[in-house]
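Naming: A, B, ... by sequence-line order, numbering from 1 per chain.
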Amino acid sequence: MKIATYNINGVKARLPRLKEWLEETRPSVACLQEIKSQDKDFPAHEFEALGYSLIWHGQKSFNGVAVLVDTKAGYSLNEVKRGLGIDGPKEGEGEQSRYLEADVTKDGQTARIVCIYLPNGNPQPGPKFDYKLAWMEKLRARMAEIWAEEVPAAILGDYNVIPQDDDVYSVKAMASDALMQPESRAAYSRLLADGWTDAVRTHNPNGGVWTYWDYQAGAWQRDHGFRIDHILLSPELADRLNAVGVDREHRGREKASDHAPTWAILRD
DNA sequence: ATGACAATTGGGAATTGA
């Protein structure tokens with residue numbers, strides 16, 4: 001089973017790139033973030049035509065997540081939960097679309113798949129940063145519930161956290177950013193301390209792997225990137241981890257997202 | 001300190017992102 005996470009930065013603007021990525025790399029499960037589409041406008045048929053089943057949780061203008069499974073390869077999915085029950089940082093805006101959880105099944109084997117788009121938190125300090133930290137605690141509580149269910153589970157997505165100094169091209173350049181504040185890192189570390197495994201880190205213990213390059217200041221050309229898209233695995237799935245990777249080449253294409261797809265392969 | 005880029009909404013300029 002190949003599971004992947006990809007912050008696509010707009011499903012409508014990215015549709016050709018996204019479809020070719022699915023066809024070229026054929027993930028069994030794909031978690032998408034920043035679909036930037038309302039539910040009614042989400043082009044589900046485009047993905048169904050490629051042999052994927054999917055669920056999505058959209059929102060006007062920004063945010064939004066989706067989970068796709070390869071029906072051609074025999075996978076099916078059932079939604080378990082959408083939303084963590086936490087309101088956005090603006091008064092009265094309600095909950096943002098950042099969380100989608102499903103059971104994915106093939107040949108009688110089921111894994112819990114959670115797609116997250118964790119709040120960015122900039123500028124910090126401020127209400128958006130407070131929201132980020134509160135969201136991370138909500139996530140941790142939900143992950144503890146999943147842990148207690150003792151199901152094989154993977155929590156994939158854009159965590160908007162640079163876990164360590166060797167996960168960024170320049171510590172100095174990003175020092176004041178919400179992505180690498182001590183509070184953000186501590187909250188992420190607590191997830192690992194709870195027993196979850198950072199799949200990409202496990203296979204790259206010295207860091208140096210990027211999943212995001214800014215559109216600005218020639219960041220891609222200079223390889224000024226960092227790692228914020230993560231795949232966290234329960235112990236059973238961590239034991240089955242075969243390989244991880246980042247589809248860097250897709251970041252360099254025409255009209256690409258500023259993130260690159262990040263994936264892990266698990267033995268059946 | 002600021003802006004550099006890009007997507008969305010709405011049909012211009014503001015918001016958001018990281």
Side-chain angles (χ1 to χ4, degrees), chain A residues 5-19 21 32-43 56-66 87-99 115-133 135-136 157-165 167-185 187-188 209-230 246 248 250-262:
Chain A
T5 176
Y6 192 4
N7 180 321
I8 57 172
N9 189 16
V11 71
K12 288 183 276 287
R14 214 66 63 210
L15 198 53
R17 287 289 87 84
L18 186 53
K19 286 167 67 177
W21 172 70
L32 309 180
Q33 301 89 35
E34 283 207 89
I35 63 175
K36 296 187 175 179
S37 167
Q38 297 184 74
D39 282 342
K40 65 178 177 62
D41 298 326
F42 190 80
W56 62 97
H57 186 199
Q59 183 177 344
K60 192 175 180 178
S61 299
F62 67 126
N63 303 324
V65 286
D87 286 343
K90 282 187 181 172
E91 185 70 30
E93 73 169 300
E95 180 156 21
Q96 299 177 340
S97 299
R98 296 179 174 278
Y99 184 96
C115 176
I116 68 163
Y117 176 45
L118 208 148
N120 166 304
N122 281 307
Q124 71 80 29
K128 289 187 174 181
F129 190 59
D130 296 340
Y131 169 56
K132 176 187 192 131
L133 297 179
W135 205 95
M136 292 186 82
D158 179 356
Y159 280 70
N160 269 318
V161 174
I162 298 168
Q164 300 186 36
D165 285 353
D167 291 312
V168 59
Y169 76 100
S170 165
V171 169
K172 189 180 171 188
M174 295 293 289
S176 63
D177 198 286
L179 307 195
M180 54 177 280
Q181 291 313 295
E183 297 94 328
S184 309
R185 286 182 166 180
Y188 185 79
V209 176
W210 317 147
T211 67
Y212 171 91
W213 296 257
D214 202 292
Y215 287 123
Q216 304 176 63
W220 168 247
Q221 289 75 11
R222 298 174 181 182
D223 198 26
H224 286 182
F226 38 85
R227 187 172 75 98
I228 51 175
D229 300 277
H230 306 308
V246 177
R248 280 180 64 109
H250 286 258
R251 174 62 182 84
R253 295 191 185 186
E254 207 59 38
K255 291 276 285 179
S257 169
D258 40 6
H259 293 250
T262 304

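- When distances run from any side-chain atom of A:Phe62 to the nucleotides B:dG17, B:dA7, B:dA18, the shortest one goes to B:dG17.
- Nucleic acid contact for A:Tyr159: none, since no nucleic acid atom lies under 4.0 Å from a heavy atom of the residue.
- Using a 4.0 Å heavy-atom criterion, one finds that A:His224 contacts no nucleic acid atom at all.
- Nucleic acid contact for A:Arg98: sugar-phosphate only, since backbone atoms but no base atoms lie under 4.0 Å from a heavy atom of the residue.
- Using a 4.0 Å heavy-atom criterion, one finds that A:Asp41 contacts no nucleic acid atom at all.
- Distances were taken from every side-chain heavy atom of A:Asn120 (C-beta onward) to each of B:dA18, B:dT16, B:dT8; the shortest belongs to B:dA18.
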Residues A:Asp177, A:Asn122; criterion side-chain hydrogen bond (donor to acceptor under 3.5 Å, both in side chains); working and verdict: CA-CA 7 Å; A:Asp177 198 286; A:Asn122 281 307; 2.9 Å; yes
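- Between the P atoms of B:dA18 and B:dT8, the separation comes to 14 Å (whole Å).
- Residues A:Pro89 and A:Pro127 approach most closely at CB-O, 4.0 Å, considering heavy atoms.
- With respect to A:Arg251 and A:Asp223, no salt bridge is recorded, no charged nitrogen being found less than 4.0 Å from a carboxylate O.
- Among the heavy atoms of the strands lying under 4.0 Å from A:Lys255 are primed sugar atoms or P, OP1, OP2 only; no base atom is included.
- Screening A:Asn63, A:Thr5, A:Asn7 for a side-chain hydrogen bond (donor to acceptor under 3.5 Å, both in side chains) involving A:Gln33 leaves a single residue, A:Thr5.
- At the heavy-atom level, A:Asp258 lies nowhere under 4.0 Å from the strands shown.
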